[in-house]
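Below, chain A is the first sequence line, B the second, and so on; all start at residue 1.
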Protein chains: 2
Amino acid sequence: MKMSEGVEWALHTCLNLAWVEDGSPVSATVLADYFRLPPAYLNKQLQALARAGIVSSVSGPRGGFRLAREPGDITVLDVVVAIEGPQDAFRCTEILRDAPHGEAGVDYRSTCAISQTMRKAELAWRRELAGQTLADVRATVESRFPLVAGQTRDGLRNRRT
Amino acid sequence: MKMSEGVEWALHTCLNLAWVEDGSPVSATVLADYFRLPPAYLNKQLQALARAGIVSSVSGPRGGFRLAREPGDITVLDVVVAIEGPQDAFRCTEILRDAPHGEAGVDYRSTCAISQTMRKAELAWRRELAGQTLADVRATVESRFPLVAGQTRDGLRNRRT
DNA sequence: GAAAAGGTACTCGGATAAGACATGTCCGAGTCCCTAAGG
DNA sequence: CCTTAGGGACTCGGACATGTCTTATCCGAGTACCTTTTC
């Protein structure tokens with residue numbers, strides 16, 4: 001059970017975008033260079049974020065990506081789902097149906113106690129992630145490390161050609 | 001982020017073992033045939049459970065697997081960790097270290113706000129799974145479907161050669 | 001008849017292939033900006 | 001000098017290789033039981 005590494009990239013990149021005060025787009029190349037990541041692959045992740053409506057893309061010179069919504073309206077869960085997909089980690093394949101007394105018409109995804117337990121746990125996980133918005137994370141960082149906001153802004157600006 | 005299918009197999013199989021009142025071992029072949037699963041592959045999962053001390057194995061004819069502890073002392077988390085491994089789904093690779101102002105000596109796994117958020121969510125997930133023992137699951141099923149316990153016992157007994 | 005040695009069949013256990021998914025890369029479609037020519 | 005058409009460069013977007021992990025299978029090590037032989 002390994003989460004895609006792109007989730008980490010996407011979260012940090014979204015946080016960086018949240019620090020760009022003017023809504024000017026930042027190219028995938030600049031965003032990738034900031035963390036020394038493969039530009040083309042980060043671009044791929046950003047496309048997923050764009051499809052999910054978290055960032056909006058601008059083509060052409062001076063183009064790039066910007067946050068499509070306010071940081072307070074973007075939860076960490078939104079980003080995770082955008083990259084990983086909406087499916088749960090635990091997928092009940094309803095093996096009870098193949099058991100001796102299994103019946104074809106029953107929906108074992110909802111009746112099976114094990115499936116319920118796993119789903120309940122994932123729900124708790126999602127609840128935690130949905131309770132943290134990008135604005136919350138940004139505020140946490142700014143209160144602990146006040147310099148970071150300015151450093152990031154400058155770092156991204158200097159990398160723009 | 002997909003959890004191994006073996007987790008579902010292992011949980012259902014452990015639950016079946018919890019219904020074998022006498023501690024007689026049940027072979028992997030019988031356990032696999034009960035759900036029409038590939039025997040050799042289920043055997044592999046059972047080996048992982050044995051390494052984790054959840055089941056104990058007996059070699060030779062009339063051998064097989066039995067629960068190594070009381071069902072009340074086996075949590076769902078124990079089984080999941082035995083199959084999936086102890087590592088978290090989200091692995092912080094500390095990309096902040098490669099950022100412009102990143103420092104080599106800092107442990108970003110503990111300071112990074114994003115890493116903390118993800119870890120907190122996984123902790124909530126683990127807490128849910130650790131709160132459910134195999135005895136709890138068994139009791140839930142028995143209260144809702146009183147016939148299942150006897151059916152499972154008979155089903156496993158009949159498959160023994 | 002009882003005991004012991006040997007063989008046999010059945011079990012787990014780890015080493016070994018095949019497939020699926022995440023990772024990484026490349027080139028094309030679209031867009032804006034700059035340049036330059038013409039009015 | 002102003003307008004406008006054209007070229008060029010830069011961006012996203014999706015299609016195409018590669019690596020790693022899950023899935024699946026196979027054969028060997030070990031053990032209990034049964035058979036057979038001997039006392």
Take the protein atom CG of A:Asn43 and the nucleotide atom C1' of D:dG14, then report the distance between them rounded to whole Å.
-> 10 Å
Protein-nucleotide distance (A:Lys44, atom NZ; C:dG28, atom P), rounded to Å = 18 Å
Using only side-chain N and O atoms of A:Arg51, determine if any of them is under 4.0 Å from OP1 or OP2 of D:dG13.
-> no
B:Asp33 CG - C:dT11 P separation (whole Å) | 12 Å
Side-chain contact test, heavy atoms from C-beta onward, threshold under 4.5 Å: evaluate it for B:Ser57 versus B:Phe65 and give yes or no.
-> yes
side-chain contact (heavy atoms from CB on, under 4.5 Å) between B:Leu37 and B:Gln45, worked out | CA-CA 12 Å; B:Leu37 300 174; B:Gln45 314 289 359; over 6 Å; no
Which listed nucleotide (C:dT23, C:dC26, D:dT23) is nearest to the side chain of A:Ala40?
-> C:dC26
Among D:dT23, D:dG13, C:dT23, which is the nearest nucleotide to the side chain of A:Glu5?
-> C:dT23
Taking CD from B:Gln47 and P from C:dT11, how many angstroms apart are they, rounded to a whole number?
-> 15 Å
Atom CG of A:Leu37 and atom P of C:dT25 are separated, to the nearest Å, by 11 Å
Are B:Asp73 and B:Thr133 close enough that some pair of their side-chain heavy atoms sits under 4.5 Å apart?
-> no
Could you please name the option among C:dT25, D:dT25, D:dC12 that lies closest to any side-chain atom of B:Pro38?
-> D:dT25
Is the phosphate of D:dT11, meaning OP1 or OP2, less than 4.0 Å from a side-chain N or O of A:Ser57?
-> no
Nearest to the side chain of A:Pro61 - C:dT25, C:dT31, D:dT22?
-> C:dT31
Is the shortest side-chain N/O distance from A:Ser4 to OP1 or OP2 of C:dT23 below 4.0 Å?
-> yes
